[in-house]
Every structure is written in structure tokens, then in C-alpha cells.
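Quick note on labels: first sequence line is chain A, next is B, and so on, each numbered from 1.
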Amino acid sequence: MAKLARLHLDETELDEFTKQLGDVLEHAKDIESLDLEGVLPTAHPFGLVNVVRSDTVTASLQRDAVLRSAPDAENGRFAVPRIVGEAP
Amino acid sequence: MKTARDIAKNVNNGSSATLELEETLVRIKEQNDELNVFLYVDEQGARAAAQRVDEIVARGENAGPLAGVPIALKDNLCTVDVPTTCASKILDGWRPPYSATVVEKILAAGAVPVGKTNLDEFAMGSSTENSAFGPTRNPLDPSRVPGGSSGGSAAAVASQMTTLSLGSDTGGSIRQPAALCGIVGVKPTYGLVSRYGLVAFASSLDQIGPFASNVTDAATLLEAVAGHDSRDSTSLVEPSPSLVAHVEDGVKGRRVALVRELVDGADEDVVESVMKAVETLRAAGATIFELSIPELRLGLSAYYLIAPAEASSNLARFDGVRYGLRVDADDVAAMNEATRTAGFGKEVKRRIMLGTYALSAGYYDAYYGQALKVRTMTIEAFKRAYQQADLLIGATTPSVAFEFGSKTNDPMAMYLSDVFTIPTNLSGDAAISVPFGTGEADLPVGVQLLGPGRSEASLFSAARVLERADGRE
């Protein structure tokens, strides 16, 4: 799970988290076992769907302002380390 | 203490907003070292805002319903060019390129934002102990927590450093600290206040709301920040309600249900205050009856699957590319991991892991899917309750303010302090916490009033009845 979430946990943290998350999932058993056949899931409390706006150009954030607080930027873009590794 | 209404009235009549601000800055300097309420005080920005208000009044114009009122902002609300940290190391050095809609709205109403307040990292917690910048202390008893996650915003008002503040409430993060600090806190109807510029924790549950020392001021602030915003697609399109005009409406003829599940398990002193509040409303002309809503018992479990699931997705954006911190590594994946490992605190990591698990293939239906169905059950249960009752009443928290460290090693015990507030976030409805009476160690007790969506006016008028009966005119 830590790998999926792009987090590194040391051995102590792994033990601690395993127990604590187990406690939370134990508590979740009260809903895991409910028979909810036919109940629809809720994603938005008032059932809001598909909000659209008219297709007109409006002002947006300035590129420089957005890049100013980034850890690294180059030529008007966010800069990152190498993405694809070199061949072995 | 001066109320927001007094300050606005005086400032609009020519008294100086700048002077009001300077007094505020002195109070902050005197108290902030001990209480750790403010992560950042924007003296320059505040002085400019106060000066603008003074200039408007000098031109003979009205500077707005919050003219010259000092206000504190939870540090998960974006403020242009002013550091916004979410009390996390991962946003170290980040200055937002824009301000949240609520920040623009309070400025338009004449308020003077003085700084950014402490919180549990990314609003995940119930005590403000999860901040990367140290805990905030409860002004009423510095050995105890102020509650959380909006602990700094609650403490700013309770310590009288500022007259008003804004927080955010995902599972009780406004109401619980308001209760523990003895002030008024409101979780508005989902969509009533724009979330544009609120750093997202659990988007389907988050809502921005006011803190104030009294009901009328809370109504004034909520009225100023409510309203449709096209930049938040979940923002309600209906016109904002009139709130201040209804504060003195009373509760005559109103049907109020005492909900068993919202007092069961609370300490005796808390239950006693709720019972007194019930009798107060009855004496003021409300019809009182008891109600059981068993579905509410499932709220906590559903919440601690839904909120972490949404959080794990929302916090994926903190990857060392666009904001704040980056820990260098050879390739992007290693940089992402190194940055997130160094930048996030323990509770945030716990919830990201929990959410990742709840959303992962093979567990999705059993956990997240099931939790969304329980959410539907909660909504339906509230709907049935609101056919019989206009308002519901219960406790805000199971106990008065607790001591530092008493729940930090047991996340489940900490999560349980939100058991009475969480159901309202699941249903998207409105609720208010109002101080009423005292409990253990003479600490304040918060009574919670709940109503259907857009019932804020009615909640304020009932809360006002309790406030008067508790000796605060």
C-alpha cells in the first residue's frame, strides 16, 4: 500500500501503522457486514450532476505566477528529474 | 469584548480600522508565543486592508457589514502571495497565486484578515496536535487541546486575539473546536459557501464556516461569505439566505427532537448541559420530543473510509512537482516518494494509506462502495427525521476539552471525538455548536443544533435562544 501511495515507511512505522489501520478496519466491520443490496451509493449529498458553463474564454491564472512557487521551473514549464531510466 | 457588529458600526461611523488592527496585533504579540495560534501574521497586508477601509469611510461611503473587523483564516485557505501551509512541511515555501473566494468576500465586506491559523495537518485531526508546527493550546486551559482540526481559528476567537475567524469542517472540524473553546461554530449546508481556494481534504464533505464569540456575529460572517461561485462546481445556485435578520426569531412552535444517538456515550456533564438546553427551548415555546436515528451509529465507520479515500486521491497532487517541497532523487518516481515521505506527517500518511487500501482493487466494494451506501442510508434517515422535526439537538462532543497526548497514540480514540458531528457532513446538512453551560473543570460544553440543508436561519435563531438563557445578551 505504501508503495502505491508513493510513501516510504520504515520497519517501526510499518508495525505501528499495520496495527492502527487494523483497528480502523475492525471498526469498519459494522458496515462491511450490512446487507445493502439495492441501496444506491451517494457521491454528492444533494445529487448534483454535470455542472457546465458556457464555452467562452475567461481570465485564468498567469503562468509566471503559478510557476513562481514551484520547486523547479524551466522555459515556462514545471521541471522534473528524469522520467524514463537509462537502459541497463 | 467588542463584537464584530460593534466594530463594524463604529468603523462605519468614522472610528479607525487601523487603530482596531493595531490593538489586535498587540494582543497577538502578547499571546501567540504561549498559545501557538498563528502560523503567519500578515501585518503588511492587514495594515493595507485596514487603511482601505478607513479611506472608504473617509469618502463618506459604507465599508461593509464587517468594516474593520479583524479576522483570522485557517491556513488551508489560499491567500495570494501569503504563505499557505496546511500546517504541513510539504507546502514549505509555497505562496498561492490566488486567493480563496471566501477571502475575496470578507475583504469586500470590509473585514481585515490578520493572519493564518494553525490546524491539524491538511485538516486531519481533532486536537491540532498533528500540526507540523507544534500544537495550539486551549486559551481556557493551556494544558488542554483546543480541538481540531480548526483549533487555531477557534483559539484565535476564544483568546480574543481576533473577533472572528474562518475554518473548515469535514467531520466536525469547526463545531468540535468551537465546543472545546467555548465559542460559536457553524458547519453550513454543503455548497452554501464556495470551496474555491480551500485546499481539498475530502471534497464531498468539506465546507468552510464561521467562528465567533456570539451567534449574531457568526450569522453576519456566514452571510458575508455565502453565495454561488461559478469557480466551485458544487456551489449551490440558489440565492444566499438572509440570516442576520432572523437571529431574534425565537423557537416558538418549532418542533425540536432530542436525538438519542447524539448524546449516548457522552460524559455526564455534557449530557446535563444538553438536557438543560432542551428545557430552555421548551420554555421558549418549542415542542420537544425524543427520537432515535439508529443509522447515525454507522456514520463514523463510513466517514473513516470515505474521507481517507477522497484524501488519498486529493493529496496525490503533492508530489514535489508543482508546490513547495521537493526532495531530490535520480528519477521522478523516487523524487515523488522521497518528497512525500519527508513532507507528510504521521496522521496524513495513515489516512493516505487507509484511503489507498479502501479504494484498491478487491477491497473497493467491501469498503468504499459499502461506505457510500451507508451514506445514502444516513441521508434518508435524516430526511425522515426532518419530516417530524424542524431541528435536532444533541451534544457537539462526547467530552469537554481533553489533555494533550491523551489520545495521540490511539487514532480510533481520537476519531471517536467526532462521533456526533460526522453524520451532518455525510448528509450535507447544516449544524451549529453553541456554548451552553460548563462541565468538568469549569470548561465549556457545546450543544449542537442540526437542521436540513439551508436551515441556517432557523439554527441561528434557536442558538440565540440558548445564548441568551446562558447569560450572554
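Neither the backbone nor the side chain of A:L67 comes within contact range of chain B, judged by heavy atoms closer than 4.5 Å. Looking at B:A371, the atoms closer than 4.5 Å to chain A (heavy atoms on both sides) sit in the backbone and in the side chain alike. For A:A73, no part lies near chain B; criterion is any non-hydrogen pair under 4.5 Å. At a 4.5 Å heavy-atom cutoff, the contact between B:L298 and chain A is made by backbone and side-chain atoms alike. Both the backbone and the side chain of A:L7 come within less than 4.5 Å of a heavy atom in chain B. Neither the backbone nor the side chain of B:L205 comes within less than 4.5 Å of any heavy atom of chain A. In this structure, the portion of A:L40 lying under 4.5 Å from any heavy atom of chain B is its backbone and not its side chain.
No side-chain heavy atom of B:P96 sits less than 4.5 Å from a side-chain heavy atom of B:V80. Looking at B:I306 and B:L426, their side chains come closer than 4.5 Å, going by heavy atoms from C-beta outward. Side-chain contact between B:V374 and A:L34 is present, with at least one heavy-atom pair separated by less than 4.5 Å. B:P241 has its side chain within reach of B:L192: a pair of non-hydrogen atoms, C-beta onward, lies under 4.5 Å apart.
Separating the CZ atom in B:F122 from the CZ atom in B:F344 is a distance of 5.5 Å, to the nearest 0.5 Å. Between the CZ atom in B:F382 and the CE atom in B:M377 there is a gap of 13.0 Å [rounded to 0.5 Å].
With chain B as the partner, the residue from A:A43, A:A28, A:P45, A:A2 showing the most heavy-atom pairs under 4.5 Å is A:P45. Ranked by heavy-atom pairs shorter than 4.5 Å toward chain B, the options A:A5, A:P41, A:A70 are led by A:P41. Contacts with chain A were tallied for B:G453, B:G324, B:G191; B:G324 has the most, counting heavy-atom pairs under 4.5 Å. Ranked by heavy-atom pairs under 4.5 Å with chain B, the list A:L9, A:V51, A:L4 is led by A:V51.
Within the structure, no pair that satisfies the ring pair (Phe, Tyr, Trp, His ring centres under 6.0 Å) test touches residues 52-77 of chain A, not counting sequence neighbours.
Contact detail for B:I422 and B:G299: the closest heavy-atom pair is CG2-O, 3.7 Å. When every heavy atom of B:A358 is checked against every heavy atom of B:L305, the shortest pair comes out as CB-CD2, 4.3 Å.
Remark: B:A329 engages B:A334, B:M335 in a side chain to side chain contact (heavy atoms under 4.5 Å, CB included) (not counting sequence neighbours). Applying the side chain to side chain contact (heavy atoms under 4.5 Å, CB included) criterion to B:A385, with sequence neighbours excluded, gives B:L291, B:I293, B:L392.
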Can you pull out all donor-acceptor pairs below 3.5 Å that join chain A and chain B?
{"residue": "A:A5", "atom": "O", "partner": "B:R340", "partner atom": "NE", "Å": "3.1"}
{"residue": "A:A5", "atom": "O", "partner": "B:R340", "partner atom": "NH2", "Å": "3.0"}
{"residue": "A:R6", "atom": "O", "partner": "B:R340", "partner atom": "NE", "Å": "3.4"}
{"residue": "A:R6", "atom": "NH1", "partner": "B:N336", "partner atom": "OD1", "Å": "2.6"}
{"residue": "A:H8", "atom": "N", "partner": "B:T341", "partner atom": "OG1", "Å": "2.8"}
{"residue": "A:E16", "atom": "OE1", "partner": "B:K346", "partner atom": "NZ", "Å": "3.0"}
{"residue": "A:E16", "atom": "OE2", "partner": "B:K346", "partner atom": "NZ", "Å": "3.2"}
{"residue": "A:Q20", "atom": "OE1", "partner": "B:R350", "partner atom": "NH1", "Å": "2.6"}
{"residue": "A:H27", "atom": "O", "partner": "B:S301", "partner atom": "OG", "Å": "3.0"}
{"residue": "A:H27", "atom": "ND1", "partner": "B:S301", "partner atom": "OG", "Å": "2.9"}
{"residue": "A:D30", "atom": "OD1", "partner": "B:S301", "partner atom": "OG", "Å": "2.8"}
{"residue": "A:D30", "atom": "OD2", "partner": "B:S301", "partner atom": "OG", "Å": "3.3"}
{"residue": "A:I31", "atom": "O", "partner": "B:Q370", "partner atom": "NE2", "Å": "2.9"}
{"residue": "A:L34", "atom": "O", "partner": "B:Q370", "partner atom": "NE2", "Å": "2.9"}
{"residue": "A:L40", "atom": "O", "partner": "B:T376", "partner atom": "OG1", "Å": "2.4"}
{"residue": "A:T42", "atom": "N", "partner": "B:L372", "partner atom": "O", "Å": "3.1"}
{"residue": "A:T42", "atom": "N", "partner": "B:T376", "partner atom": "OG1", "Å": "3.3"}
{"residue": "A:T42", "atom": "OG1", "partner": "B:T376", "partner atom": "OG1", "Å": "2.7"}
{"residue": "A:S69", "atom": "O", "partner": "B:G324", "partner atom": "N", "Å": "3.4"}
{"residue": "A:S69", "atom": "OG", "partner": "B:R95", "partner atom": "N", "Å": "2.9"}
{"residue": "A:S69", "atom": "OG", "partner": "B:R95", "partner atom": "O", "Å": "3.2"}
{"residue": "A:A79", "atom": "O", "partner": "B:R326", "partner atom": "NH1", "Å": "3.2"}
{"residue": "A:A79", "atom": "O", "partner": "B:R326", "partner atom": "NH2", "Å": "2.6"}
{"residue": "A:R82", "atom": "O", "partner": "B:V332", "partner atom": "N", "Å": "2.9"}

